[in-house]
Undergrad: 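Dropping the structure in here first, questions after.
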2 protein chains.
Amino acid sequence: MINVLLVEDDIDLAATIVDYLDIESINCDHASNGLMGLELIQRNHYQMMMLDINMPKMDGLTLCNTVREKGLDIPILMLTARDSLENKLQGFEAGSDDYLVKPFAMRELVARVQVLAKRRSGEVKRLVLGDLILDLNQRSAQLQQRTLKLSPIAFKLLEVLVRASPQPMGRQHIMQAVWGDEQPDSNSLKVHIHHVRKQLDASKHSPLLKLETISGIGFAIKAADQGDLEIVGNKNNEN
Amino acid sequence: MINVLLVEDDIDLAATIVDYLDIESINCDHASNGLMGLELIQRNHYQMMMLDINMPKMDGLTLCNTVREKGLDIPILMLTARDSLENKLQGFEAGSDDYLVKPFAMRELVARVQVLAKRRSGEVKRLVLGDLILDLNQRSAQLQQRTLKLSPIAFKLLEVLVRASPQPMGRQHIMQAVWGDEQPDSNSLKVHIHHVRKQLDASKHSPLLKLETISGIGFAIKAADQGDLEIVGNKNNEN
DNA sequence: GTACGGGTTAAGACAGGGTTAACGGATACG
DNA sequence: CGTATCCGTTAACCCTGTCTTAACCCGTAC
């Protein structure tokens with residue numbers, strides 16, 4: 001189930017969008033101003049978010065900037081009547097991923113929402129991280145030619161973490177992504193993390209993959225060589 | 001350096017685009033038909049690709065489909081004069097990530113290219129000061145390729161100081177920024193400053209970074225030669 | 001000398017993560 | 001119909017990392 005957030009002060013338009021997305025099996029939460037949106041995005045896990053620009057309390061551009069400042073790189077679609085080039089560039093400058101001008105066709109909105117949402121958590125059949133291969137169709141995970149033995153929840157958990165890699169995910173976000181709305185009220189997550197770690201450590205010869213704990217935040221899975229690549233890239237790069 | 005591919009049969013338009021991207025430090029290879037594009041994409045590595053739809057040999061939609069079938073999930077931007085809704089939906093259906101209608105402003109093209117290229121390649125929000133890199137997304141701090149071991153508070157403290165650099169920050173301001181309203185009533189700040197200093201000094205080979213004490217005022221972190229804070233990230237670097 | 005600002009260090013409290021085992025529900029199979 | 005197995009949740013327990021606190025050090029200014 002795709003889960004997205006709409007931040008829009010026009011209640012009628014918002015209702016229309018929510019309804020339309022619902023038909024397409026996309027669950028859409030709604031906030032009517034920027035502050036409320038910021039609140040929701042930090043508490044829940046969304047695949048992407050849509051932002052109106054003109055809004056009371058906090059406008060869309062500011063919210064977009066704030067979200068990026070906080071280091072969240074959730075895909076963002078700007079949704080506004082301002083169609084000048086400067087406005088668009090401003091939107092991209094603030095860190096948005098797409099820009100749709102009102103009035104727009106609902107079907108185009110749906111298409112763009114799906115694209116943005118699925119890029120990170122979509123229909124890609126194989127996820128590769130270091131020497132770990134996740135085959136989503138077969139629900140199989142292979143680490144250095146060894147097939148890991150993972151329960152359904154453990155597999156989902158690993159999938160979620162690999163998708164976010166190398167970024168850490170907050171506990172709440174992980175819970176939401178794995179269990180949805182009916183979450184266990186205990187330390188179940190800890191146990192499953194433990195199971196996943198045990199499986200990853202089974203092929204001990206792989207210091208390549210680390211499921212790290214970010215204290216006070218959550219967890220992150222990283223391929224060891226990624227960090228090095230980034231630094232190397234940094235030298236030649238960063239124009 | 002960003003590396004992208006353009007598949008377009010209109011030679012003049014292609015040349016214009018290549019030139020324009022070059023100015024923005026984006027290297028752009030060019031193929032004049034679908035088959036050639038397929039060839040190139042399989043031999044080289046690109047951060048994203050732009051596809052014209054109307055082309056001889058193999059049209060853009062077919063190429064897009066083919067690429068997806070091969071399991072390549074490189075971001076694709078459709079580039080075409082067909083602006084009807086049906087055409088757009090067809091484009092998204094084929095697996096593209098964005099759709100830009102001709103004629104378009106070059107600056108908008110550049111913005112969208114950068115967005116598509118950077119999202120995949122893990123370009124994220126970073127604070128850079130001298131040879132220190134703070135990755136807010138990963139919550140990691142690297143100094144000369146060594147990853148610093150920082151507790152949550154120590155990380156926040158360092159972040160606050162780096163953001164203020166090279167300006168000094170008063171004790172009260174720091175406390176407010178790190179702890180908010182519930183501040184410890186002891187010399188806790190001193191201790192955390194000490195921890196941060198210890199981590200910075202660990203790679204002693206860096207005389208580049210100094211966490212200075214401004215007596216009676218507070219603290220300031222500075223890069224030895226260049227006091228300037230460089231921000232790299234979602235925002236397009238416009239140097 | 002002493003008062004003060006800052007630096008260093010260690011101890012203790014505590015939260016949070018890690019580990020393990022047991023229970024109950026579901027499913028498959030005999 | 002009963003048994004075995006798997007899986008997820010829960011809770012109890014242990015252990016590590018983190019933060020605060022306080023004591024002590026040093027230099028300098030008065």
Side-chain angles (χ1 to χ4, degrees), chain A residues 138-141 147-161 164 167-202 204 209-222, chain B residues 138-141 147-161 168-202 204 209-222:
Chain A
Q138 300 180 20
R139 300 211 117 215
S140 76
T147 299
L148 302 185
K149 191 172 164 298
L150 293 171
S151 69
I153 286 202
F155 185 84
K156 184 76 195 261
L157 176 57
L158 182 57
E159 178 193 334
V160 166
L161 288 175
Q167 293 199 50
M169 273 188 89
R171 291 192 144 66
Q172 278 311 313
H173 289 181
I174 295 177
M175 300 268 280
Q176 183 129 12
V178 173
W179 281 276
D181 288 329
E182 290 177 0
Q183 303 167 8
D185 47 342
S186 73
N187 57 356
S188 203
L189 176 58
K190 289 203 288 191
V191 178
H192 289 292
I193 287 278
H194 182 231
H195 287 148
V196 171
R197 279 213 177 103
K198 239 164 120 182
Q199 284 299 310
L200 291 181
D201 289 347
K204 184 75 187 305
L209 224 49
K210 285 180 81 175
L211 207 177
E212 297 180 359
T213 302
I214 314 293
S215 189
I217 306 295
F219 302 92
I221 194 167
K222 298 179 184 177
Chain B
Q138 293 189 37
R139 298 229 175 212
S140 74
T147 299
L148 303 186
K149 192 174 162 296
L150 295 171
S151 71
I153 286 200
F155 185 85
K156 187 77 192 276
L157 177 57
L158 183 58
E159 179 191 334
V160 165
L161 288 174
M169 269 187 94
R171 289 192 145 69
Q172 277 312 312
H173 287 159
I174 296 176
M175 300 271 283
Q176 177 68 33
V178 174
W179 281 276
D181 290 329
E182 291 177 0
Q183 302 168 8
D185 46 342
S186 73
N187 57 356
S188 201
L189 177 58
K190 287 203 292 190
V191 178
H192 287 294
I193 287 279
H194 182 234
H195 286 148
V196 171
R197 281 212 176 104
K198 237 164 118 183
Q199 284 298 310
L200 292 181
D201 290 346
K204 187 65 171 36
L209 222 51
K210 285 184 80 174
L211 207 177
E212 297 178 358
T213 302
I214 316 295
S215 191
I217 308 293
F219 302 91
I221 193 168
K222 297 178 183 175

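Here is how names work: the chains are called A, B, and so on, in the same order as the sequence lines, proteins then strands, and each is numbered from 1.
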Undergrad: Can you tell me the distance, in whole Å, between the CE atom of B/M175 and the C1' atom of D/dC19?
TA: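 After rounding, the reported distance stands at 13 Å.
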Undergrad: For B/T213 and C/dG5, is the shortest distance between a side-chain N/O and OP1 or OP2 below 4.0 Å?
TA: no
Undergrad: Just wondering, do B/L148 and B/V196 contact through their side chains at under 4.5 Å, heavy atoms?
TA: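 Answer no - side chains too far apart.
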Undergrad: Between C/dG6 and B/R171, is there an OP1 or OP2 to side-chain N/O distance shorter than 4.0 Å?
TA: yes
Undergrad: Where along residues 181-195 of chain B does a heavy atom come under 4.0 Å from DNA chain C, residue by residue in number order?
TA: B/N187, B/K190, B/V191, B/H194
Undergrad: Going by side-chain contact (heavy atoms from CB on, under 4.5 Å), A/L189 matches just one of A/Q172, A/M175, A/H194. Which one?
TA: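 Single pass found, and it is A/M175.
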Undergrad: Would you indicate what A/F219 reaches in the nucleic acid, counting non-hydrogen atoms under 4.0 angstrom: base, sugar-phosphate, or nothing?
TA: sugar-phosphate
Undergrad: I need the A/R171 CZ to A/N187 CG distance, nearest 0.5 Å.
TA: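 Going from CZ on A/R171 over to CG on A/N187, the span is 10.0 Å.
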Undergrad: Quick one: does A/Q199's side chain have a donor or acceptor within less than 3.5 Å of a partner on A/K149's backbone?
TA: yes
Undergrad: Return no unless some side-chain N or O of A/S151 is found under 4.0 Å from OP1 or OP2 of D/dG8.
TA: yes
Undergrad: Would you tell me if any nitrogen or oxygen in the side chain of B/W179 comes within less than 4.0 Å of OP1 or OP2 on D/dT20?
TA: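 Checking D/dT20 against B/W179, a side-chain N or O does come within under 4.0 Å of OP1 or OP2.
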Undergrad: Counting C-beta onward and ignoring hydrogens, is there a side-chain heavy-atom pair between B/I221 and B/L200 closer than 4.5 Å?
TA: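 Of all side-chain heavy-atom pairs linking B/L200 with B/I221, at least one is under 4.5 Å.
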Undergrad: How long is the line joining CD of A/E212 and P of D/dG17, in whole Å?
TA: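 The distance from CD of A/E212 to P of D/dG17 comes to 14 Å, rounded to the nearest Å.
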